[in-house]
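Below you'll find the structure, written out as structure tokens, and then a few comments.
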Protein chains: 2
Amino acid sequence: MRIDDESLKGLLRARGLRVTEPRVAVLAYLASTDRHPTAEDVETAINANGQVLSRASVYNVLHSLTRAGLVAGMSVTDGAARYDAHVAPHHHLLCRTCGRVEDVPWQDFGIAERGVLPDGRSVRTLALTLDGVCNACC
Amino acid sequence: MRIDDESLKGLLRARGLRVTEPRVAVLAYLASTDRHPTAEDVETAINANGQVLSRASVYNVLHSLTRAGLVAGMSVTDGAARYDAHVAPHHHLLCRTCGRVEDVPWQDFGIAERGVLPDGRSVRTLALTLDGVCNACC
DNA sequence: CCGCTCGTCTGGAACTATTCTAAATCTCGT
DNA sequence: ACGAGATTTAGAATAGTTCCAGACGAGCGG
Ligand SMILES: [Mn+2]
Ligand SMILES: [Mn+2]
Ligand SMILES: [Zn+2]
Ligand SMILES: [Zn+2]
């Protein structure tokens with residue numbers, strides 16, 4: 001999904017973040033894919049466009065965007081953290097064949113809504129991780 | 001829960017694993033706690049008993065036990081993987097206050113009823129991770 | 001438009017978690 | 001008890017991420 005840079009800059013400003021080239025580039029890239037890229041993927045993709053973005057900056061930017069709620073990070077077993085500009089609640093399917101991380105429609109199970117487990121422990125957010133096989137891998 | 005070493009050895013043999021002191025020690029420790037220890041926790045706990053178990057062996061053993069289905073590993077955001085000898089399906093609550101990982105009784109929620117999502121993707125296992133506050137933290 | 005102030009970016013070093021290596025040791029079937 | 005092959009070990013190597021201190025530049029007040 002191609003979003004023009006002006007909208008992205010508006011998003012950054014709206015969250016009180018300074019508008020910088022690295023931030024716009026990272027956010028644009030993450031918004032353009034549903035592949036849940038790693039920090040390294042982000043660095044590679046952006047530097048392929050002629051820019052030079054240091055590894056440390058990739059992490060800096062990912063952290064500010066995450067703190068601002070524009071991006072969500074997730075840790076999958078073994079390996080690098082992955083990032084998602086799709087911040088509306090949803091679950092993930094980790095394909096055991098190709099390693100891809102795919103989206104799964106949101107379901108609340110009535111838990112987050114109540115905010116409390118039957119035994120009284122309180123719940124802020126929940127995430128379901130499915131270990132299975134994606135459509136591409138049949 | 002204290003399980004005697006003979007039963008543990010039986011478990012190892014039943015899964016076709018050779019019975020070694022490190023394996024028995026690691027399995028006994030994991031079976032005795034519900035705290036979901038990290039590899040480092042395991043090493044520390046076992047070496048406190050006078051044994052000397054190398055870091056590499058901790059990982060070797062955790063891997064064999066995991067492959068054998070006697071232990072389950074889980075990755076929590078940021079930080080070391082955690083291990084659980086409680087292998088029956090259940091969910092986890094990650095306390096945002098103290099960092100503890102607590103068990104939550106299993107529920108299937110009717111997702112992937114027959115191991116298949118409504119859209120056809122197949123699911124092997126699923127685990128719900130709740131981000132909330134444990135009872136100790138009120 | 002200019003200059004100042006911080007927030008941000010950078011390369012590289014440091015750090016943490018995990019894996020690899022090759023040699024020593026041990027388990028268990030025979 | 002023997003030997004083959006699995007397991008353990010210390011240490012080096014790797015992967016992912018964070019830290020650092022200096023250079024840079026976004027955006028505000030003038
Ligand atoms: Mn997603
Ligand atoms: Mn558990
Ligand atoms: Zn796949
Ligand atoms: Zn707690």
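Naming convention: chains lettered A, B, ... in sequence-line order (proteins, then strands); numbering from 1 in each chain.
- Legend: ring pair (Phe, Tyr, Trp, His ring centres under 6.0 Å) pairs involving residues 14-42 of chain B, not counting sequence neighbours, sorted by first then second residue: B:H36-B:H92.
- Regarding A:N47, its CG atom lies at a distance of 9 Å from the P atom of C:dT10, rounded to whole Å.
- Atom CG of A:L17 is separated from atom P of C:dC6 by 19 Å (rounded to the nearest Å).
- Every residue meeting the ring-ring contact (aromatic ring centres under 6.0 Å, His included) condition with B:H86, not counting sequence neighbours, appears here in chain and number order: B:H90.
- Across the protein-nucleic acid pair, A:L65 atom CG and C:dT8 atom C1' stand 13 Å apart, rounded to whole Å.
- Grouping Ile, Leu, Val, Met, Phe, Trp and Tyr residues whose side-chain heavy atoms lie under 4.5 Å apart, directly or via other members, places A:M74 in a hydrophobic cluster with A:V76, A:L94, A:V101.
- Within a 6.0 Å sphere centred on CD of A:E21, other residues, nucleotides and ligands contribute 12 heavy atoms or fewer.
- When the side-chain nitrogen and oxygen atoms of A:S54 are compared with OP1 and OP2 of C:dT10, one or more of them lie within a distance under 4.0 Å.
- Atom OG1 of A:T33 is separated from atom CG of A:L30 by 8.0 Å, given to the nearest 0.5 angstrom.
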(message) Protein within reach of the bases, or only the backbone? For nucleotides 12-26 of chain C, mark each nucleotide 5' to 3' as B, S or -, using heavy atoms under 4.0 Å.
(response) B----SBBB------

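- Within residues 92-100 of chain B, no residue places a heavy atom under 4.0 Å from DNA chain D.
- Between B:Y83 and B:H63, the ring centre distance reaches or exceeds 6.0 Å.
- Taking atom CG of residue A:L62 and atom C1' of nucleotide C:dT10, one finds them 16 Å apart after rounding to whole Å.
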(message) Does B:D41 form a side chain to side chain donor-acceptor pair (under 3.5 Å) with B:T44? I'd like the steps, not just the answer.
(response) CA-CA 5 Å; B:D41 294 336; B:T44 304; 5.7 Å; no

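- Applying the 4.5 Å side-chain rule to ILVMFWY residues, one finds that B:V87 remains a lone member of its cluster.
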